[in-house]
Number of protein chains: 2
Amino acid sequence: MVTIYDIAKQANVSAMTVSKVINNTGKISEKTRARVKKIMEEMNYVPNSMARSLVLQETKMLSLLIPDITNPFFTTLARGAEDAAMRLGYKLLFGNSDESLTKEKEYVDMILSTRVDGVLFSAASDLSEPHLQTLRKHRIPFVLLDREVPGVESDAVTGNSREGARKLVEHLVGLGHRRIALVNGSLSVSTARDRLDGYKDALKLNDIPFDESLAFESSYKHFEDEGMLRRMLELPDPPTAVFAGNNFLAVGLIRKLLELGVKVPDRMSVVCFDDLGASVIDPFFTVASQPAYQFGAMGIQLLVDRIKGATTPEWKKLVLPSELIVRGSSGRPPA
Amino acid sequence: MVTIYDIAKQANVSAMTVSKVINNTGKISEKTRARVKKIMEEMNYVPNSMARSLVLQETKMLSLLIPDITNPFFTTLARGAEDAAMRLGYKLLFGNSDESLTKEKEYVDMILSTRVDGVLFSAASDLSEPHLQTLRKHRIPFVLLDREVPGVESDAVTGNSREGARKLVEHLVGLGHRRIALVNGSLSVSTARDRLDGYKDALKLNDIPFDESLAFESSYKHFEDEGMLRRMLELPDPPTAVFAGNNFLAVGLIRKLLELGVKVPDRMSVVCFDDLGASVIDPFFTVASQPAYQFGAMGIQLLVDRIKGATTPEWKKLVLPSELIVRGSSGRPPA
DNA sequence: TTGTATGCGTTATCAC
DNA sequence: GTGATAACGCATACAA
């Protein structure tokens, strides 16, 4: 590897002069600057960012932790984060926790040893709290993304899950549905709780009693529990519509419904949170669409502001709105 | 930040003793080892991997460059790479070039300055060659993924695009199709050329003349060119089936076909390379499915072997087979 | 079994 | 304008 010393020798200057040329710092005559630059080119010099980090005490790296890299919501978010990071001169270290606390912990350890300048953290669940406390203890700035974590105060970019859920369910009510089921993610994830609240809000606003036997808890990763579905359908007064906590739950749900011969939306309407991405032929789902790209982009912005101290001490909370998009998966209840 | 010196002071030993405890190297009495470990715990010590890299001349970081983070093929590949990397004790630095040479170059620069130990490189196109030469010049080991690049010799994990394409087209021929169009990715990407060859192979094997007016070139990112589609449909002897170069092309194609009122597969069969991922309700496409996860996992394995010198000097070429999966998007041609 | 000196590649400080 | 020196946090080689 060629170092500043190699350049210095070739250019008949000291290493310091080379360093100054690289960083455009200090006073250097145009002549030597040009000579040094030329030699750097010739020798294919690339600064060693490890050495740089060591003395500067900053890595210009940020870490992004997401819970599901297969979900288009998070990959789109990742693109937003990546673009913003690059624009601001930071590298982005991705991590995918797969909703697993074990994996998440491994990433946190890695983050600490890598001395990244900050972390964009989309928590696996409320149980991620100790991981965040660890980051706090080591004074690594972080911004919570999409999910809040009880007991952790911090900057955050979240969606308005409660309102989005209410809008989705009110849409169903508007179509004439009264028996509306909820198939939710784990309630140890803040968005799932908010969506439950929004669901209840909508019911209350329309004088529909909350029926516990219609509220199911699953996982945002996928819907596989066929038993749950059967129980739902075999209820004395079964639902005519389902609000799914996220896109993947909706997909899994509809797959099973089709297997069981339940037509959507003819016999059952389905609505959900989050879009399904580019691989879908026919945008079919009625969704509360969230600006995933913005989640990432704004998250990075907040994080970098915090790192640079360019922000007030109070925690910044950014709440991005969701948009109700009505499509083919919801319709009037069967007569 | 707490360093080995802080630990050393607390434990009444030298910094070196601490270092040895951390790395399990040299002889240390059980007593001091225990004491040092305890103090490391208490002080929340985390080794500084920058400093470590600097002296060890290795970062234990690998870089993965993919051309499209929104495509399930590449995200699945990324998961495979990530899992394998973590298992082997490496961190993974993701990069998404978006099929853009400019972005790709930025990532290459970043890779060089970060001194990653190796790179998993899925090239934007043949024009990525200078980027790879740059890596070579700086002696950074790399493994080509999915796509070969003319003029660059290296380890590689690729699919058998030619054979996969032949199988897909022969499947169509078997159904009775004779007029089969090809909507391909850019021919400056090796897999697109291979798929064109496989397409031609299948035609020749079945005594169907290659008709240039049926072979279209688009981009793997998406299919948007409605003009191309109209020209195809308005041909004197229009195709009854299309072989799409990848999943996204097939999705875009079918969307346009549906808009134009052309039913699939009734009036037009569509087959393609690569699956569509978890967001699809109803697996509908007849595809040549590639083991995307394996691409990433094996790629990392090859790369780490190369880094450790645990492999022969000759370049290793791994070719992973694709599997023909027949589903609803292909059928007999209309009478 | 433990400690000392040295260097990895860079930059900040201050002297020339 | 330019350069010598020390420091960032750690590990290797060698002494004690």
Side-chain angles (χ1 to χ4, degrees), chain A residues 1-37 39-40 43-61 91 110-117 138-140, chain B residues 1-37 39-40 43-61 89 110-117 138-140:
Chain A
M1 276 292 108
V2 21
T3 74
I4 49 172
Y5 283 95
D6 302 322
I7 308 290
K9 197 174 296 174
Q10 284 292 319
N12 276 317
V13 293
S14 79
M16 257 317 69
T17 306
V18 178
S19 174
K20 281 169 187 159
V21 169
I22 293 169
N23 299 292
N24 276 315
T25 149
K27 304 282 168 210
I28 302 282
S29 78
E30 265 317 313
K31 220 171 63 187
T32 48
R33 174 184 305 278
R35 191 166 80 252
V36 168
K37 282 207 163 177
I39 294 185
M40 292 199 315
M43 299 187 72
N44 297 309
Y45 171 74
V46 180
N48 184 325
S49 65
M50 300 295 138
R52 213 154 193 276
S53 303
L54 196 56
V55 43
L56 256 29
Q57 299 285 51
E58 65 168 11
T59 55
K60 285 289 181 185
M61 284 197 220
K91 292 163 258 182
M110 180 194 103
I111 282 165
L112 292 177
S113 77
T114 310
R115 302 290 198 269
V116 299
D117 296 342
H138 288 268
R139 324 190 134 215
I140 305 206
Chain B
M1 275 295 106
V2 21
T3 73
I4 50 172
Y5 287 95
D6 302 323
I7 307 290
K9 199 174 295 175
Q10 283 294 318
N12 276 316
V13 293
S14 79
M16 269 318 83
T17 306
V18 178
S19 173
K20 281 169 188 159
V21 169
I22 293 168
N23 299 293
N24 276 315
T25 149
K27 304 283 168 208
I28 302 283
S29 77
E30 265 318 312
K31 220 171 57 188
T32 49
R33 173 183 307 278
R35 190 167 82 253
V36 169
K37 281 206 163 176
I39 294 185
M40 294 198 314
M43 301 187 72
N44 296 309
Y45 171 75
V46 181
N48 183 324
S49 65
M50 299 295 138
R52 222 184 143 83
S53 302
L54 198 56
V55 41
L56 256 28
Q57 299 284 51
E58 63 167 14
T59 55
K60 285 289 180 184
M61 283 198 221
M110 180 194 104
I111 283 166
L112 292 177
S113 77
T114 310
R115 303 290 198 270
V116 299
D117 295 343
H138 288 269
R139 325 194 134 210
I140 304 205

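All chains are named by letter (A, B, ...) in the order of the sequence lines, taking the proteins before the strands, and each is independently numbered beginning at 1. This one's a predicted model, so the numbers in the text were calculated from it and none came from an experiment.
- Distance from the side chain of A/Ile4 is smallest to C/dT11 among C/dT11, C/dG9, C/dT2.
- Within the 4.0 Å cut-off from OP1 or OP2 of C/dT11, at least one side-chain nitrogen or oxygen of A/Ser19 is found.
- Atom CE of A/Met40 and atom C1' of C/dG9 are 15 Å apart (whole Å).
- Here C/dT11 presents its C1' atom at 16 Å from CE of A/Met50, a figure rounded to the nearest Å.
- Put simply, B/Ser14 has a side-chain N or O that comes within less than 4.0 Å of OP1 or OP2 on C/dG3.
- One finds a side-chain N or O of A/Tyr45 lying less than 4.0 angstrom from the OP1 or OP2 phosphate oxygen of C/dT10.
- Within the 4.5 Å cutoff, side-chain heavy atoms of A/Leu54 are placed close to those of B/Leu54.
- Panel note: side chain B/Thr17, backbone B/Val13; no donor-acceptor pair is recorded below 3.5 Å.
- Looking at B/Asp117, its side chain never comes within 3.5 Å of a backbone N or O of B/Glu58 through a donor-acceptor pair.
- Side-chain N or O atoms of B/Asn48 include one that pairs as donor or acceptor with a backbone N or O of B/Met50 at under 3.5 Å.
- For the segment residues 52-59 of chain A, the set of residues with a heavy atom within less than 4.0 Å of an atom of DNA chain C comprises A/Arg52, A/Val55, A/Leu56, in numerical order.
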Result block: side-chain N/O donor-acceptor pairs under 3.5 angstrom for residues 3-11 of chain A, not counting sequence neighbours:
unit_1, atom_1, unit_2, atom_2, d
A/Thr3, OG1, A/Tyr5, N, 3.1
A/Asp6, OD2, A/Thr3, N, 2.8

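- Protein chain A contacts DNA chain D from D/dG1 to D/dG9, reading 5' to 3' and using non-hydrogen atoms of the protein with a distance under 4.0 Å.
- Interatomic distance, A/Arg33 CZ to A/Lys27 NZ, rounded to the nearest 0.5 Å: 9.5 Å.
- The distance from atom OH of B/Tyr5 to atom P of C/dA5 is 11 Å, rounded to the nearest whole Å.
- Once rounded to the nearest 0.5 Å, the distance linking NZ of A/Lys91 with OG of B/Ser113 reads 4.5 Å.
- To the nearest 0.5 Å, atom CE of residue A/Met1 and atom NE2 of residue B/His138 are 6.5 Å apart.
- Atom OG of B/Ser49 is separated from atom CE of B/Met61 by 5.5 Å, given to the nearest 0.5 angstrom.
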Please enumerate all protein N or O atoms sitting under 3.5 Å from an N or O of nucleotides 13-16 of chain C, with distances to 0.1 Å.
none

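- When side chains are defined from C-beta on, B/Leu112 counts as touching B/Ile140, because their heavy atoms get closer than 4.5 Å.
- Between the side chain of A/Ser19 and the backbone N or O of A/Ala15, no donor-acceptor pair lies under 3.5 Å.
- Atom pair B/Asn48:CG and C/dC8:P shows a separation of 18 Å (rounding to whole Å applied).
- To the nearest 0.5 Å, atoms NZ (B/Lys37) and CD (B/Glu30) are separated by 8.5 Å.
- Near DNA chain C, meaning a heavy atom under 4.0 Å away, the residues from residues 23-31 of chain A are A/Asn23.
- Smallest separation of non-hydrogen atoms from B/Thr59 and B/Val116: OG1-CA, 3.4 Å.
- Note that CZ of B/Arg52 is 7.5 Å distant from CD1 of B/Ile22, once rounded to the nearest 0.5 Å.
- Taking the screw axis at each terminus of the helix from C/dT1-D/dA16 to C/dC16-D/dG1 from five consecutive base pairs, the angle between the two is 40° to within rounding of 10 degrees.
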